[in-house]
Protein chains: 2
Amino acid sequence: MTNRSITIKDVAKKANVSVATVSRVINGLDRVSDATRKRVLKIIQELNFVPNTMAASMVNKKTKMLSVVVPEIQNPFYTAVIEGTVEVAKREGFFTLVLSTNGDESEEEDFLESFLGKNVDGIILIGSHKEAEFYRGIQKPTILVDRYFNDCDHDGVMIDNYRGAYEATKHFIEYGHERIAMIDGEHDFNDGKDRFWGYRQAMLESGLAPDPDCHKQGRWTEADGYRLTIELLQSKRPPTAIFAANNVLCKGAIRAIRDLNLRMGEDISLIGFDENELAQFVQPQVTVVRRPTREMGVQAAEMLVRKIREVPMEQGNPKCVVLGVELLKHGSVKKLK
Amino acid sequence: MTNRSITIKDVAKKANVSVATVSRVINGLDRVSDATRKRVLKIIQELNFVPNTMAASMVNKKTKMLSVVVPEIQNPFYTAVIEGTVEVAKREGFFTLVLSTNGDESEEEDFLESFLGKNVDGIILIGSHKEAEFYRGIQKPTILVDRYFNDCDHDGVMIDNYRGAYEATKHFIEYGHERIAMIDGEHDFNDGKDRFWGYRQAMLESGLAPDPDCHKQGRWTEADGYRLTIELLQSKRPPTAIFAANNVLCKGAIRAIRDLNLRMGEDISLIGFDENELAQFVQPQVTVVRRPTREMGVQAAEMLVRKIREVPMEQGNPKCVVLGVELLKHGSVKKLK
DNA sequence: TTGAAAGCGCTACCAG
DNA sequence: CTGGTAGCGCTTTCAA
């Protein structure tokens, strides 16, 4: 497309200075007289010279790029995290590079091995790998988000999944529900697992024996949210309340309830995890556990930038920040007593 | 984090060969005896050596990276395009780098000037700039998607916005509607403009004088979709049909109709542009103009890869592919006669 | 089949 | 304040 691009040498020659001087001007260092600086700047303009950042990076080993790796880019939860990190990164002078892996471990690996993965200054990772070992292999400042692994040698930003599920379940119980179901996906990561344990613990504490028929597990998809909800509601002893353990599952549940012609918050109570468009649309709105999605990205980016800048020696043990969640009460939970 | 990373030199020394040979092995070139190849490969394993792609790129000026630049990453239309391009790119051996500009021109520029922008092999751009000149300045294989500019010196992949709007409007007319409103946003780009002209043309052709009260313009946001719909429906002479010119506007319209307690496809008819979650959720479902979103990304990526590989001389005049749209008829349009 | 050496474009150190 | 120069890690002639 373009012929040979013009380099620092061309500028130097035309300005009758050394490349060293041009470099100084480019980087805004002092030790350059005002006269020469002006002259060089002018030539740069004239020649329309743009420094080759890659060459620079070769020597100083910095690219001012961050990457944020997520499993899927269609889920608003992830895009919210991305937004948060991008905002901070920009403020701090980094570009952010987004990669969606489709939850595929090998795609994640490929990326980290690639030009991009190798050359960013730091990584914010919502990983798809299930073993700490993989993460330990990442030789670069990295912050794990949402999914954490012990002994992974990296810092993390999580939310209190356990508590979110616990509070949702408790809320049902306070309102008099006893036959409370939960639908979720595979327990591949701590987030899913913790939500299940939160639910379970709340049940136990209230003396409600966890009924295996009330815990339906599928994949974390809207289709399965739909299917599992139908199964629950058409069983011989349907629950009076359902806790849908993430946003897409919740959407499926909402559809199912609608399709079965049941009245939300009347015939059946529902709580979702994470806000979602449908939950806000239906009437009454669906009560959900809200987590600070954007904030997670912000925190992660701030931690990452700090880590990139700090001298390696100063780095202590990996720390994992846990952000709180909040139950947004709407009208989808019926008061039984 | 990591100390000095090991380089091609280390491998060469340990294998008792020259760096040239190691380089050949890395790149799978022939002219290396099987014996040495094996030996080098073994050392590479042992040392856990990973070639520095950046250094390589410095000399051969290729990075095997593509970037796709979109205005917003929250809109499913854009993510669908992204998915399409990523798929093709991967198949062709390129990594895709996603950038969301928030529709901000300067952010778009910053990106193109950045390390990333400078070092990708090609760009797929849903631009936020409004003048062809800007695009002409991009000295790199680029495909414009969705928004096109004449004389921009780049190829493009568009859809037939005009026809989509035209058909939607015609559909209303066939069903007996006469007071047909349209809501849209700023006419900053061809897409929005064309939709308006398609609507207008359909009206004129059918002898329906375009009533200025029936064209409400705001921004391309859900909030404005809501607001404009309310305005229309509460005016002294409300329309019987509304064409919402994009997905978010349509969502706003759906909410508004619901909040006014009107029956979709009965009290008011609606057609949206682009599918969206709410349109599929409500009953009856909303009739929409569907465009091949994913396919746009696929086409664009294929064109881009071809362009990157072809010798500069072969490049003819910029060409713009226009993909068709389809009216997905659901129950949101009432038959008046 | 292999190696030596000249870069790619820039930075940073050391002299002057 | 300015210039010379040695790399950064790799590729690619050109010779051997």
Side-chain angles (χ1 to χ4, degrees), chain A residues 2-41 43-44 47-65 113-119 121 139, chain B residues 2-41 43-44 47-65 113-119 121 139:
Chain A
T2 176
N3 10 18
R4 197 184 67 78
S5 57
I6 88 124
T7 78
I8 200 174
K9 267 191 201 156
D10 304 316
V11 178
K13 198 179 303 169
K14 192 151 183 192
N16 269 318
V17 293
S18 69
V19 293
T21 301
V22 178
S23 173
R24 291 192 189 100
V25 172
I26 292 171
N27 295 294
L29 304 178
D30 37 9
R31 297 166 153 264
V32 179
S33 77
D34 246 38
T36 44
R37 153 163 290 122
K38 282 222 184 74
R39 184 151 40 92
V40 171
L41 248 20
I43 306 284
I44 286 180
L47 261 39
N48 203 355
F49 164 71
V50 183
N52 180 333
T53 38
M54 191 147 73
S57 296
M58 274 237 38
V59 12
N60 61 26
K61 269 94 178 58
K62 296 211 176 92
T63 57
K64 287 305 210 173
M65 307 195 302
E113 296 295 302
S114 74
F115 184 101
L116 295 162
K118 284 294 171 207
N119 296 307
D121 292 344
Q139 303 284 32
Chain B
T2 177
N3 9 22
R4 198 184 65 80
S5 57
I6 89 127
T7 79
I8 200 174
K9 264 190 203 157
D10 302 316
V11 178
K13 196 179 305 168
K14 189 150 185 195
N16 268 316
V17 292
S18 69
V19 293
T21 302
V22 178
S23 173
R24 291 191 189 103
V25 172
I26 292 171
N27 296 294
L29 303 179
D30 38 11
R31 298 168 154 265
V32 179
S33 77
D34 246 40
T36 44
R37 154 163 288 121
K38 282 218 184 81
R39 185 152 39 92
V40 171
L41 248 20
I43 306 285
I44 287 180
L47 261 40
N48 204 354
F49 164 69
V50 183
N52 179 333
T53 38
M54 192 147 75
S57 296
M58 274 236 40
V59 12
N60 61 26
K61 269 92 178 63
K62 295 206 175 100
T63 58
K64 289 305 214 170
M65 306 195 304
E113 298 294 303
S114 74
F115 183 102
L116 294 163
K118 284 294 171 207
N119 295 308
D121 292 344
Q139 303 285 32

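Just so it is clear: chains get the letters A, B, ... in the order the sequence lines come, proteins before strands, and each one is counted from 1.
- Side-chain N/O atoms of B:T7 include none lying less than 4.0 angstrom from OP1 or OP2 on D:dG9.
- Remark: B:T21 is in phosphate contact with C:dG3, judged by side-chain N or O atoms under 4.0 Å from OP1 or OP2.
- Contact between the side-chain N/O atoms of B:K61 and the OP1/OP2 oxygens of C:dG9 is found at a separation under 4.0 Å.
- In this structure, the NZ atom of A:K64 is 17 Å from the C1' atom of C:dC10, given to the nearest Å.
- Taking both residues in full, the closest heavy atoms of B:F115 and A:M54 are given as CE1-CA, 3.7 Å, listed atom of the first, atom of the second, then distance.
- Rounding to whole angstrom units, CD1 of residue A:I6 and P of C:dC8 are separated by 14 Å.
- Rounded to a whole Å, the CZ atom of A:R39 is 8 Å from the P atom of D:dT2.
- Atom CG in A:N119 sits about 17 Å away from atom P in D:dC8, given to the nearest Å.
- The shortest distance between the side-chain N/O atoms of B:N52 and the OP1/OP2 oxygens of D:dC8 is not below 4.0 Å.
- Here C:dA4 presents its P atom at 11 Å from CG of B:N16, a figure rounded to the nearest Å.
- For D:dC10, the OP1/OP2 oxygens have no side-chain nitrogen or oxygen of B:S57 closer than 4.0 Å.
- Here B:V22 lies out of heavy-atom contact (under 4.0 Å) with every strand.
- Scanning all heavy atoms of the two residues, the minimum distance from B:S33 to B:T36 falls at OG-OG1, 2.8 Å.
- Within the 4.0 angstrom heavy-atom criterion, only backbone atoms of the sugar-phosphate kind lie near B:A56; the bases stay farther away.
- Between B:K9 atom NZ and D:dC10 atom P there is a gap of 9 Å when expressed in whole angstrom units.
- The side chain of B:R24 has C:dG3 as its nearest neighbour among C:dG3, C:dG9, C:dT11.
- Two residues are said to be in side-chain contact when any heavy atoms from C-beta on lie closer than 4.5 Å; A:K118 and B:V50 meet this criterion.
- With rounding to whole Å, A:K118 atom NZ is found 16 Å from D:dC10 atom C1'.
- Residue B:P51 places its side chain closer to D:dC10 than to any other of C:dG9, D:dC10, D:dT2.
- Remark: A:S23 is in phosphate contact with C:dT11, judged by side-chain N or O atoms under 4.0 Å from OP1 or OP2.
- Considering only side-chain N and O atoms, A:N60 lies nowhere under 4.0 angstrom from the phosphate OP1 or OP2 of D:dC8.
- Neither side chain, B:N119 nor B:T63, offers a donor N or O lying under 3.5 Å from an acceptor on the other.
- Applying the 4.0 Å criterion to OP1 and OP2 of D:dT2, one finds that A:T36 has a side-chain N or O inside that range.
- Considering A:D10, A:I43, A:I26 in turn, A:I26 is the only one that fulfils the side chain to side chain contact (heavy atoms under 4.5 Å, CB included) rule with A:F49.
- Checking D:dT11, D:dT2, C:dC10 against the side-chain heavy atoms of A:R31 singles out D:dT2 as nearest.
- Counting only heavy atoms from C-beta on, A:M58 has its side chain closest to C:dG9 among C:dG9, C:dA4, C:dC10.
- A heavy-atom distance below 4.5 Å is found between the side chains of B:L41 and B:R37.
- Listed nucleotides D:dT12, C:dC10, C:dT2 differ in distance to A:F49; the shortest reach to its side chain belongs to C:dC10.
- Rounded to whole angstrom, the span from the CG atom of B:N27 across to the P atom of D:dC10 amounts to 10 Å.
- Ranking D:dT2, D:dG9, D:dG3 by closeness to the B:V59 side chain, first place goes to D:dG9.
- Residue B:K62 places none of its side-chain N or O atoms closer than 4.0 Å to OP1 or OP2 of D:dT11.
- B:D34 comes within 4.0 angstrom of nothing in the nucleic acid, heavy atoms only.
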